[in-house]
Amino acid sequence: SFYDLVIEVAIVRPGPIQGGMVHPYLRRRNGEEEATYPNAEIAAVLRKTLGVPLFQEQAMRLAVVAAGFTPGEADQLRRAMGAWRRSGKIEELRKRLIDGMRVKGLSEAFAQRCFEQISGFGEYGFPESHAASFSLLVYASAWLKRYHPAAFAAALINSQPMGFYAPAQLVRDAREHGVTVLAVDVNYSGYDCRLEEGTKARRHGGTEGWRGGDPARWGGDGPALRLGMRLVKGISRSKVAGIEAARRSGSFATVADVVQRGGASRAVLARLAAANAFRSMGLNRREAVWQVVAVDDVPLPLLDGGGVDEQRPELPPLSLEDEVVTDYDTVGLSLEAHPISLLREELDKIETSPAKQLKRMPHGAPARVAGLVLVRQRPSTASGIVFYTLEDETGVANLIVRPRVYERCRRAARGATALIADGRIERQGEVVHVQVSHLRTIGASLSELRVRSRNFH
């Protein structure tokens with residue numbers, strides 16, 4: 001139900017985590033533990049959250065019905081929550097709350113547990129109204145991703161930088177849900193990502209794929225996602241405004257044409273060529289770079305759009321590995337292949353599992369997984385544990401790295417672009433992590449790859 005989203009938003013805040021509320025709620029939500037209430041008044045406050053206080057209002061109301069606080073005193077309690085650690089009031093309030101609960105006939109154990117839960121809100125918890133507002137955004141976002149995945153991906157990329165996920169992960173996810181993603185190209189791309197209709201994007205026909213239940217087909221009948229020039233490193237909106245304006249009167253035929261009609265500077269041309277953005281002219285990356293150099297050496301008034309082509313050399317394309325590395329260097333992602341897929345044969349030899357295979361492995365099974373490091377997180381509530389997200393060509397793997405493992409493998413853990421992790425599967429329902437025992441870098445083959453992880457330490 002929608003209220004489950006409200007709970008999910010609230011329960012991952014530091015307050016509920018520090019107050020030890022997460023696992024009791026989940027056990028009750030899963031039917032593994034019965035929700036019990038000492039009396040009807042407390043049941044009225046906590047019934048909708050199965051006997052566990054998850055919102056600030058519940059903490060205040062508990063102080064009133066369970067410890068005899070007045071509404072004014074409960075408001076003072078709310079104001080004091082964030083300052084408990086600094087002001088030293090926590091001990092004073094603990095005595096007042098526990099003594100008040102005793103007077104009301106509540107057990108010592110219940111009173112102590114209640115105080116620990118309420119004191120957790122000193123580490124930041126949500127009012128119910130805030131959680132409900134966030135949940136509406138969650139629901140709307142999920143609906144858009146389900147029914148308009150191309151538009152959803154385009155909007156998120158155009159809003160970068162934001163959140164946990166970089167454009168490479170957003171593009172991979174869109175493609176996994178059936179969206180056709182088209183490369184940056186001077187003849188088709190705007191500054192922002194946009195939607196593009198076409199027969200390639202309508203490969204299923206009708207609305208069967210769009211409405212179908214298979215997540216891999218959600219975007220199959222919708223528009224394609226055309227990547228924008230905003231993804232090319234060193235390009236700003238103002239630098240490509242002339243290109244967009246000139247293209248309204250017709251496509252560009254040559255690199256020199258982009259200079260003459262689009263007013264592009266040589267620096268912009270060089271970045272676009274490095275990003276392989278001249279494919280629609282029949283130029284591979286090396287040929288485009290060569291033409292930019294040639295344009296640079298010829299006085300522009302003498303160019304007629306064809307002189308450079310007469311001297312066009314036969315340049316071999318880059319290898320797939322070089323293409324992928326250069327894509328990441330210039331655009332931050334590659335539509336050619338995932339970097340880890342280039343190493344799959346080597347990784348198979350050392351019995352490394354693809355990320356999607358982890359979901360089928362039993363609890364406690366030994367596991368080895370490899371991937372690009374997307375995210376490092378060390379929450380203040382996690383006792384020094386660092387959580388990693390690795391990505392390979394099949395999906396993502398979530399790692400738990402305890403402090404002793406982190407220190408032992410510190411060099412790889414702190415700065416590696418890509419890692420191999422050894423450990424064991426930890427499974428709780430559909431949630432799967434790898435409890436890591438060792439981390440190491442993948443090696444020299446990806447040493448030139450420029451991928452920045454999102455680090456939250």
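Along the sequence shown, the residues carry numbers beginning at 1. What you see is a predicted model, and the numbers here were worked out from it, not measured in a lab.
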Would you please name every residue forming a salt bridge (charged side-chain N to carboxylate O under 4.0 Å, His left out) with [X], sequence neighbours left out?
X	answer
D322	none
E8	none
D173	K145

Exercise. Describe, in one word, how the ring planes of Y139 and F2 are oriented to each other, choosing from parallel (under 30°), tilted (30 to 60°) and perpendicular (over 60°).
Key: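 Judged by the thresholds at 30° and 60°, the geometry between Y139 and F2 is perpendicular.
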Quiz item: With the threshold set at 4.0 Å, does a side-chain nitrogen-carboxylate oxygen contact exist between D214 and R217?
Solution: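 Salt bridge between D214 and R217, a charged N being under 4.0 Å from a carboxylate O: no.
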Quiz item: With a 4.0 Å cut-off, would you call R27 and E32 a salt bridge?
Solution: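 No salt bridge links R27 with E32.
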Quiz prompt | Short side-chain to backbone donor-acceptor contact, S334 and E336, under 3.5 Å | solution =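 The answer is yes, because a donor-acceptor pair under 3.5 Å joins these two groups.
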Quiz item: In chain order, what residues pass the side chain to side chain donor-acceptor pair (under 3.5 Å) check against E57, with sequence neighbours excluded?
Solution: none
Exercise. Tell me, please, which residues at least two apart from R194 pass side chain to side chain donor-acceptor pair (under 3.5 Å).
Key: E244
Quiz item: Using a distance-only test with no angle check, is there a side-chain donor-acceptor pair under 3.5 angstrom linking S280 and D185?
Solution: yes
Quiz item: Would Y328 and E323 count as having a side-chain donor-acceptor pair, cut-off 3.5 Å?
Solution: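 No, E323 and Y328 have no side-chain donor paired with an acceptor closer than 3.5 Å.
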Quiz item: Can the ring centres of Y147 and W143 be said to be less than 6.0 Å apart?
Solution: yes
Practice problem: Give a yes or no on whether E34 atom CD has more than 12 heavy-atom contacts from other residues, nucleotides or ligands under 6.0 Å away. | Solution: no
Practice problem: Go through the structure and list residues passing ring pair (Phe, Tyr, Trp, His ring centres under 6.0 Å) with F134, not counting sequence neighbours. | Solution: F126
